[in-house]
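Per chain, numbering begins at 1; letters A, B, ... match sequence-line order.
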Number of protein chains: 2
Amino acid sequence: MDDVVTVLSVDDHKMTALGYKYILEDAVFDGYSVRVEVANGYLEGEKRIKDAEGTKRYNIVLLDIQLFPAEAKDPRTGQDLGKLARKLIPESKVVFMSSFSDSFRINSICQAVNPDGYLVKSEIDELSLIDMVKTVITAPPYYTHLALVAVRKNMSQTFKVDEYDQAILYQLSIGRKTKDMTSVIPLSQATIDNRKRALKHNFGVQDKNDLALIEEARIRGFI
Amino acid sequence: MDDVVTVLSVDDHKMTALGYKYILEDAVFDGYSVRVEVANGYLEGEKRIKDAEGTKRYNIVLLDIQLFPAEAKDPRTGQDLGKLARKLIPESKVVFMSSFSDSFRINSICQAVNPDGYLVKSEIDELSLIDMVKTVITAPPYYTHLALVAVRKNMSQTFKVDEYDQAILYQLSIGRKTKDMTSVIPLSQATIDNRKRALKHNFGVQDKNDLALIEEARIRGFI
DNA sequence: GGAAAAAACCTAATTTTTCTAAGGTTTTTC
DNA sequence: GAAAAACCTTAGAAAAATTAGGTTTTTTCC
């Protein structure tokens, strides 16, 4: 193992990333030290990853999810950087840190990127940060407690919805009109109507509105 | 919290269970101590769980998976006891300890029982056993490393198979003939033939035999 | 607040997809 | 070499999707 573990930390709050940097660089590891490079926001993070293409420059890439200010309306997230890292620097470990602890989001990211770690920000302290580096380097994966709870919830979900139903629930949750879903879900509007009706029935919210369906889906971890 | 945490340990190797008993009873916990009752095998475990029905007698139920000697040919496993515990003593935490570390088995059990912990036996030592009790009591779940790796593998599985295909793969893996699968899978033999052919195509093993299909499914964590 | 427009909800007929029944051919097992 | 099993195919049945459009409810606008 190298004497220095290099971490790229990508966050839209530089102060947060600097906090992690000093914690990790001050910590005492067994047989190595940690050096943290900070990238402020999506674009800088993207650049660093691209600049490192094909190298082993980073042992760990630490990614926030939200990397643009809300008003930027940019749909790209840390998940996209995670996928990019997987492609360009496949030997680097990818770890997410996010304030999101909802089941759906965590499981979606884990499925899409298969990260070596996931930390819910409210659970991060000095010890867990250090423990994350140790575990990710030697025996991934590393999940904080709430991330594990979310994973467990998904695993034990006995009521299955297929990919179409999941997409319908998601589109409902972000406010897309049913008639517009045909542009993102390859089904006819009547089929979407039918499946929506079936979902309401199966979730025990027929005779109720979409909000009830969304809420029940959220409770069950489908969104 | 009670001063004493009571654990029911169900294993078919009494010496193993006794080992856990002495480790945990000798350990020093913060604010409580641990008392372990040992049940030797499935039937005794079943009896203890039934006797405890509706009570809070056990804080934790620790279950091995294999609870009959191989020659007994009894299909019941610790998973059945786990489900029973969930039903009769719902306030007790359920934790599995097993030598199985294959992805399919771990994920099946987690889905069927939603345990508060899963330990792969090769990873159990004094510290992890103690840590398991602490975590399970205060903030479940607790998975050992290989269990987490298995969970992660399942999560990141992008190639989905539905329940019918998964059952076909499993039946193939235990050697059941295709013509006999109709007794355990509610599909016609022609449909099973068709799905099997499609699975071989999707897994890139058409023109190969069943062993190739099984192996590829195992690699991908479907069995 | 009411009218018009938009969207949701719903349904029947038709089409498409998947399953099944039935049985033939090929391969494997004994 | 015979029997068993796997593999494969076709025609028909069943299930799901689609087309097309109607009714009801909600939203928007004045």
Side-chain angles (χ1 to χ4, degrees), chain A residues 73 75 104 157-220 222-223, chain B residues 70-71 73 75 104 157-220 222-223:
Chain A
K73 301 291 186 193
F104 175 77
Q157 188 65 248
T158 50
F159 185 88
K160 299 302 190 195
V161 298
D162 66 14
E163 286 180 14
Y164 287 139
D165 281 342
Q166 191 164 55
I168 290 167
L169 291 169
Y170 175 66
Q171 294 298 327
L172 282 176
S173 76
I174 62 172
R176 195 185 296 267
K177 297 183 166 70
T178 312
K179 70 182 268 290
D180 292 326
M181 288 185 192
T182 55
S183 61
V184 290
I185 301 174
L187 292 174
S188 72
Q189 188 178 346
T191 298
I192 294 174
D193 283 347
N194 285 340
R195 283 170 168 267
K196 196 176 155 192
R197 195 177 316 131
L199 280 166
K200 283 185 169 178
H201 177 265
N202 290 332
F203 285 14
V205 291
Q206 69 254 61
D207 304 322
K208 287 178 182 168
N209 64 10
D210 285 359
L211 236 48
L213 177 59
I214 293 167
E215 198 46 44
E216 188 60 35
R218 208 184 300 278
I219 287 169
R220 295 173 187 232
F222 289 119
I223 47 178
Chain B
E71 60 270 22
K73 303 290 188 192
F104 174 77
Q157 189 65 249
T158 51
F159 185 90
K160 300 301 189 193
V161 298
D162 65 16
E163 286 181 13
Y164 286 138
D165 282 343
Q166 191 164 54
I168 291 167
L169 291 169
Y170 175 65
Q171 294 299 328
L172 282 176
S173 77
I174 60 172
R176 194 185 295 269
K177 299 182 164 72
T178 311
K179 69 181 268 293
D180 292 325
M181 288 186 192
T182 55
S183 61
V184 290
I185 300 174
L187 293 174
S188 72
Q189 189 179 346
T191 297
I192 293 173
D193 284 347
N194 285 340
R195 283 171 168 266
K196 198 175 152 192
R197 193 176 319 127
L199 280 166
K200 283 185 168 179
H201 176 266
N202 290 332
F203 285 13
V205 291
Q206 68 253 63
D207 304 323
K208 287 177 184 169
N209 64 8
D210 285 1
L211 235 48
L213 177 58
I214 293 167
E215 198 46 45
E216 189 59 37
R218 205 183 302 277
I219 287 170
R220 296 171 186 235
F222 289 119
I223 43 177

### Query
Does atom OH of B/Y170 have more than 12 heavy-atom neighbours from other groups under 6.0 Å away?
no
For [X] and [N], what is the distance between atoms [atom1] and [atom2] respectively, to the nearest whole Å?
X	N	atom1	atom2	value
A/M181	C/dC9	CE	P	10 Å
B/Q189	D/dT10	CD	P	18 Å
B/D180	D/dA4	CG	C1'	11 Å
B/K196	D/dA5	NZ	C1'	9 Å
B/H201	D/dC7	NE2	C1'	16 Å
B/Q171	D/dA5	CD	P	16 Å
B/L172	D/dC7	CG	C1'	13 Å
B/K177	C/dC30	NZ	C1'	11 Å

For [X], answer base if it contacts any base atom (sugar-phosphate contacts may also be present), sugar-phosphate if it contacts only those atoms, and nothing otherwise; contact means non-hydrogen atoms under 4.0 Å.
X	answer
B/T191	base
A/S188	base
B/R176	nothing

Can you figure out which of [options] approaches the side chain of [X] most closely?
X	options	answer
B/N194	C/dA7, D/dT9, C/dC10	D/dT9
A/A190	D/dA5, C/dT20, C/dT11	C/dT11
B/L187	C/dC19, C/dA8, D/dA5	C/dC19

Are any of [X]'s side-chain N or O atoms less than 4.0 Å away from OP1 or OP2 of [N]?
X	N	result
A/T178	C/dA7	no
B/R197	D/dC7	no
B/R195	C/dC19	yes
B/K200	D/dC7	yes

### Summary
Judged by nearest nucleotide, the residue sitting upstream toward the 5' end of DNA chain D, A/D193 or A/P186, is A/P186
### Query
Which distance, rounded to the nearest 0.5 Å, do you find between the CG of B/D210 and the CG of B/L199?
10.5 Å
### Query
Checking A/R195 against A/Y164: charged group under 6.0 Å from the ring centre and within 45 degrees of the axis?
no
### Message
Any heavy-atom pair between the side chains of B/L172 and B/M181 that's under 4.5 Å?
### Response
yes
### Message
Which residue in the set A/Q189, A/Q171, A/K196 passes side-chain hydrogen bond (donor to acceptor under 3.5 Å, both in side chains) when paired with A/T178?
### Response
A/K196
